[in-house]
Engineer: 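This is the structure I have questions about; it appears just below.
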Amino acid sequence: LFSFASLLFLSQAVNAEIKIGQGSLTFNAGIASQYIARGVDQNKDAPSPFVGADFTHPFLNDSNIYIGFWTSASDFNSGAGGQERDYYFGVNKSFGITTLDLGYIIYNYPGLDASAKASNNAEYYAKLTIAPEKQPYTFGLAYYQDDTGGVKNTSNNNRKFDRDYYEVNATYDFGPVQSFVSYGVFDNDTKTTTISLSKELIGVGFTLSYINAEKEDANLSALNKNRDYVTLSAKKVF
């Protein structure tokens with residue numbers, strides 16, 4: 001928390017973004033009370049600091065290409081050294097009130113034990129967002145396709161099972177706070193419902209979330225039981 005506070009004060013002295021040609025480079029940093037991904041705790045219920053960087057550049061008409069990096073404390077995978085590193089790139093384009101985002105993301109856990117190497121994985125993704133003009137709400141769809149050929153299950157004759165992820169979501173701007181609701185299914189793993197309220201204070205975005213996670217498959221799920229979480233995160237973009 002002290003490190004995050006120091007970073008916030010430092011960030012007030014720098015520009016909100018760095019211009020590189022027609023593109024822009026931004027950074028983000030924050031901390032979450034828990035790091036929950038697709039309904040599964042990734043850091044043993046511990047507070048999880050994170051940092052990231054994104055470079056965006058205009059591309060053709062109403063399009064942008066981007067590349068980014070994000071890392072967080074994570075103690076979910078054996079031997080990962082307490083860290084997750086994500087690398088991603090993609091392109092987004094607007095068609096009136098609709099925005100399409102296509103990309104590729106790599107999840108990396110440095111120092112994994114040999115038995116856990118399969119935790120390093122990657123996905124293609126497609127996101128569709130509909131934001132009617134002058135309306136306080138949006139609707140979205142997301143699809144992530146596993147790029148590792150599925151996951152083996154030793155208790156099922158080493159058969160491979162799909163690991164694709166599907167999500168539907170919506171937002172509503174109430175003025176004082178902004179809301180977010182989503183329902184996602186991670187094939188053969190979890191079904192997750194998320195309800196969040198966000199508010200920006202002194203340039204920092206705070207998000208309070210309720211997350212309900214249920215097993216999608218009793219044998220393959222990373223959940224040992226159905227769980228409910230209440231999390232709080234703070235994030236600064238600069």
Side-chain angles (χ1 to χ4, degrees), residues 32 34-43 50 52 54 65-72 74 76-78 80 84-93 95 98-109 112 115-130 138-171 180-196 209-229 231:
Q34 290 170 272
Y35 174 20
I36 310 299
R38 298 177 184 174
V40 179
D41 177 75
Q42 305 291 310
N43 199 32
F50 59 86
D54 295 274
I65 55 174
Y66 60 87
I67 185 169
F69 168 77
W70 184 85
T71 182
S72 172
S74 175
F76 179 72
N77 294 293
S78 177
E84 174 185 331
R85 299 174 183 173
D86 299 346
Y87 309 87
Y88 52 90
F89 61 90
V91 58
N92 56 55
K93 180 174 177 57
F95 305 88
T98 303
T99 299
L100 179 63
D101 184 357
L102 303 174
Y104 188 78
I105 182 168
I106 299 169
Y107 306 93
N108 179 261
Y109 304 89
L112 279 177
S115 61
K117 286 292 185 182
S119 296
N120 290 326
N121 62 93
E123 296 173 319
Y124 297 97
Y125 60 83
K127 303 177 187 179
L128 185 70
T129 303
I130 300 173
T138 68
F139 299 100
L141 298 171
Y143 170 61
Y144 289 74
Q145 183 180 40
D146 175 54
D147 189 36
T148 59
V151 61
K152 286 184 178 180
N153 182 253
T154 54
S155 64
N156 218 304
N157 298 320
N158 283 326
R159 286 178 58 200
K160 285 192 173 183
F161 294 86
D162 290 338
R163 302 291 284 178
D164 298 343
Y165 177 73
Y166 316 81
E167 181 182 290
V168 58
N169 58 66
T171 68
F180 172 83
V181 179
S182 71
Y183 178 75
V185 176
F186 192 23
D187 277 340
N188 300 300
D189 201 333
T190 55
K191 296 183 289 186
T192 307
T193 302
T194 302
I195 303 173
S196 300
S209 300
Y210 165 72
I211 303 169
N212 170 261
E214 299 179 353
K215 291 183 178 182
E216 225 295 275
D217 185 289
N219 297 317
L220 300 177
S221 179
L223 284 174
N224 57 6
K225 63 179 180 179
N226 296 340
R227 287 201 62 180
D228 295 285
Y229 311 88
T231 67

Engineer: Do V40 and F186 have side chains that approach each other closer than 4.5 Å (heavy atoms only, starting at C-beta)?
Structural biologist: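 Of all side-chain heavy-atom pairs linking F186 with V40, none is under 4.5 Å.
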Engineer: Output the distance between atom CD (Q42) and atom OH (Y107), rounded to the nearest 0.5 Å.
Structural biologist: 10.0 Å
Engineer: With distance as the sole test, does S209 use its side chain to make a donor-acceptor pair with the main-chain N or O of T231 at under 3.5 Å?
Structural biologist: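 No.
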Engineer: Do E123 and Y165 have side-chain N/O donor and acceptor atoms under 3.5 Å apart?
Structural biologist: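 Not at all, the side chains of E123 and Y165 share no donor-acceptor pair under 3.5 Å.
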Engineer: For R163 and D187, work out which heavy atoms get closest and say how close.
Structural biologist: NH1-O, 4.1 Å
Engineer: Examine the side chains of D189 and S221 and answer whether a donor and an acceptor come within less than 3.5 Å of each other.
Structural biologist: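 Checked: D189/S221 side chains pair up, N/O donor to acceptor below 3.5 Å.
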Engineer: Quick one: pull up NZ in K127 and CG in L102 and give me the separation to the nearest 0.5 Å.
Structural biologist: 10.5 Å
Engineer: When rounded to the nearest 0.5 angstrom, what distance separates OG1 in T194 from OH in Y210?
Structural biologist: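 Separation between the atoms: 9.5 Å.
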Engineer: Measure the acute angle between the ring planes of Y35 and W70, then classify it against the limits of 30° and 60° as parallel, tilted or perpendicular.
Structural biologist: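 Rings of Y35 and W70: perpendicular, as their planes differ by over 60°.
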Engineer: Hey, does the side chain of D146 reach the backbone of D164 with a donor-acceptor pair shorter than 3.5 angstrom?
Structural biologist: no
Engineer: State which residues pass side chain to side chain donor-acceptor pair (under 3.5 Å) with Y183; sequence neighbours excluded, sorted by chain then number.
Structural biologist: none
Engineer: Out of curiosity, Y109 OH to D86 CG, how far, rounded to the nearest 0.5 Å?
Structural biologist: 6.5 Å
Engineer: Under the side chain to side chain donor-acceptor pair (under 3.5 Å) test, which residues partner Y87, sequence neighbours left out?
Structural biologist: none
Engineer: Using atom types as modelled and distance alone, determine if a side-chain donor or acceptor of T190 lies under 3.5 Å from a backbone N or O of A213.
Structural biologist: no
Engineer: If you measure from OH on Y166 to OH on Y143, what distance do you get to the nearest 0.5 Å?
Structural biologist: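 Spacing of OH (Y166) from OH (Y143) equals 5.0 Å.
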Engineer: Give, for atom OG1 of T99 and atom CG of L128, the distance between the pair rounded to the nearest 0.5 Å.
Structural biologist: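 Nearest 0.5 Å value for the OG1-CG distance: 8.0 Å.
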Engineer: Grab the two heavy atoms, one from E216 and one from V185, that are nearest each other, plus how far apart they are.
Structural biologist: CG-CG1, 3.9 Å
Engineer: Kindly say whether N226 contributes a backbone atom to a donor-acceptor pair with the side chain of K215 at under 3.5 angstrom?
Structural biologist: no
Engineer: Distance-only, no hydrogens or angles: does the Y66 side chain make a donor-acceptor pair with backbone N or O of Y88 under 3.5 Å?
Structural biologist: no
